[in-house]
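Starting from 1, each residue takes its place in the sequence as its number. Just so you know, ligand 1 is whichever comes first in the structure, and atom 1 is the first atom listed for that ligand. Because only heavy atoms are used, hydrogens play no part in the values below, and waters and symmetry mates are left out as well, while side chains stay in.
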Amino acid sequence: MSANSPAAVVVLAAGEGSRMKSKALPKVLHPVCGRSLLGHVVSAAQELAPRRLVVVVGHQRALVEEHLAQSYPGVLAAVQRDQNGTGSAARSALDALAADGTALDGTVIVTTGDTPLLTGATLRALAERHAVEGNGVTVLTAEVPDPTGYGRILRDAVGGAVTAIVEHKDADDAQRAITEINSGVYAFEGKLLAEALGRLGTDNAQGEEYLTDTLAILRTSGHRVGAVVAEDFRDILGINDRVQLAEARRLLNARLVERAMREGVTVVDPATTWFDVEVTYRPDAVVLPNTQLHGATHLGEGCEVGPNCTLTDTVVGAGAHVSNTTADRAEIAEGATVGPYAYLRGGVRVGAKAKVGTFVEIKKSQIGAGAKVPHLSYLGDAEVGEGANIGAATVTANWDGVNKNRTVIGAHARIGVDNMLVAPVTVGDGAYTAGGSVISQDVPAGALGVSRAPQRNIEGWVARKRPGTVSAQAAADALGGAAEA
Ligand code: UD1
Ligand code: CA
């Protein structure tokens with residue numbers, strides 16, 4: 001907490017967000033790039049290290065409170081009983097701060113929960129300008145191409161100072177032509193905010209208490225009202241519906257992908273590459289098209305991921321190659337190869353230089369260094385020793401219908417093609433199993449495990465049982481030919 005950190009940041013998030021048409025989630029909990037809309041705002045606010053961070057909750061508040069408690073412990077939830085305007089929402093926050101014993105001396109930032117592109121840097125610039133100019137309130141504004149729906153900034157014809165904000169619904173035609181809008185983000189002197197909130201009326205088109213009215217109230221009582229115009233109007237986009245949600249995702253993603261490229265990651269197609277905010281990377285990682293990196297996924301130096309990968313909380317080691325793969329909570333060590341068409345499902349570690357190949361699904365297993373599972377296999381609850389090779393179409397029968405059981409395969413073991421490993425079972429170090437075996441007993445180190453019925457051939461069966469078929473003809477030709485020779 002620095003000397004000029006704000007007394008509090010207040011995030012208004014009690015509104016219904018009806019334009020999202022969502023039954024499952026309140027608007028502010030919809031996710032964008034790995035965080036809720038509210039989470040983005042809270043994270044930006046945390047960069048200012050305020051003494052207290054308050055979120056005003058109301059609509060579906062149990063869900064919002066639970067989300068805050070889980071992901072942002074330490075954030076105070078203030079309840080707004082009736083959602084009758086941003087002014088009353090702000091008052092609920094100040095009441096909660098008073099009950100919490102947080103003094104209001106200093107700056108109180110008020111912002112909304114639906115502006116995921118707002119950065120800590122923008123909030124800091126607003127707070128700094130507010131302090132430097134000694135304002136009673138400073139509003140963050142923006143010049144926008146289409147101001148429909150927003151509150152308009154009214155300025156003094158002579159000095160250009162902000163005099164008031166008029167809501168779209170209350171504005172006359174001349175005011176509606178104004179393209180400078182209110183972002184809904186403000187820095188207030190805490191005590192002046194409390195005082196102004198006490199003087200709000202509801203004489204307006206929506207019959208609500210407007211937080212925006214505090215500007216004219218403070219100006220009329222002789223306080224300075226300032227404004228900071230955002231450098232890029234897109235930074236303050238408020239999300240009201242799912243079209244804007246997709247637009248915000250696109251803009252935020254472009255920011256994240258650009259940052260990665262500037263730090264040395266090659267992104268072949270930024271338009272089809274999606275990064276969550278917590279993704280980390282090392283230089284010379286290459287991301288091929290149509291790839292989604294979720295959660296705390298990490299790209300090691302010089303690795304190559306994509307095309308068509310969806311990685312969640314997955315660590316990709318230096319120089320590893322991962323293609324056409326879905327992975328969740330996997331750890332892929334340096335130099336390993338995964339895919340094309342692999343599915344690593346929860347708690348998989350692929351060792352250094354190991355290979356997981358095509359149409360392979362692995363769950364909760366360790367694949368040792370240099371081991372190979374090249375084709376068409378399912379491994380669950382397995383431990384594969386270093387340098388072992390798993391033949392094509394091998395499956396661990398890891399579930400007995402009640403319990404999950406482990407399969408252990410030793411170092412440099414060779415599992416033949418099309419094996420069924422009935423867990424719990426152990427194949428020792430350096431052991432072999434024959435192709436087509438069902439291995440339900442342990443195979444000692446160095447032994448060959450075989451389990452399959454001996455083959456018998458019934459001579460002349462096709463001629464007798466399938467006479468007149470093309471098969472019978474082919475057989476007759478072959479046998480006749482053999483006889484002649
Ligand atoms: C508000 C501003 C408008 C500004 C715009 C920027 C007012 C009166 N108007 O309008 O000038 O241009 O934001 O996006 O402030 N909320 C509550 N309780 C309520 C009502 C709203 O907590 O009773 C919260 C909402 O959850 C939302 C925020 O306040 O996060 C803004 O509410 P919203 O209804 O979206 O306001 P706008 O009409 O967009
Ligand atoms: Ca809004």
Any nitrogen or oxygen of [X] lying under 3.5 Å from a nitrogen or oxygen in ligand 1? Just yes or no.
X	answer
Y150	no
Y186	no
G149	no
G15	yes
A14	yes
R19	no
G151	yes

Q.
Given L251, which partner from the list L237, D235, L256 fulfils the side chain to side chain contact (heavy atoms under 4.5 Å, CB included) test?
A. L237

Q. Any idea which of L12, N204, V10 brings a heavy atom closest to atom 24 (C) of ligand 1?
A. L12

Q) Evaluating non-hydrogen atoms only, which member of N182, I239, L237, V57 is closest to atom 5 (C) of ligand 1? A) N182

Would you tell me whether [X] and [Y] have side-chain atoms, one donor and one acceptor, within less than 3.5 Å of each other?
X	Y	result
D269	T272	yes
E331	T314	no
Q206	N204	no
H30	S22	yes
T280	H298	yes
N290	N308	yes

Contacting atoms of ligand 1, where contact means under 4.0 angstrom from a heavy atom of [X]:
X	answer
T212	7 (C), 8 (C), 9 (N), 11 (O), 15 (O)
Y210	8 (C)
N84	23 (O)
Q83	23 (O)
G113	30 (O)
T112	28 (C), 30 (O), 31 (C)
S183	6 (C), 14 (O)

Does [X] [atom1] have over 12 foreign heavy atoms under 6.0 Å away?
X	atom1	result
R155	CZ	yes
Y341	OH	no
D203	CG	no
K353	NZ	no

Q | 4.0 Å heavy-atom contact, G58 with ligand 1 | A | no

**Q.** side-chain hydrogen bond (donor to acceptor under 3.5 Å, both in side chains) partners of residues 56-79, not counting sequence neighbours, each pair once
**A.** S36-H67

**Q.** Qualifying salt bridge (charged side-chain N to carboxylate O under 4.0 Å, His left out) pairs with a residue from residues 308-330, counting only residues at least two apart or across chains
**A.** none

Would you kindly specify which portion of [X] sits under 4.0 Å from ligand 1, judged on non-hydrogen atoms: side chain, backbone, both or neither?
X	result
S88	neither
T115	neither
A89	side chain
E208	neither
H59	neither

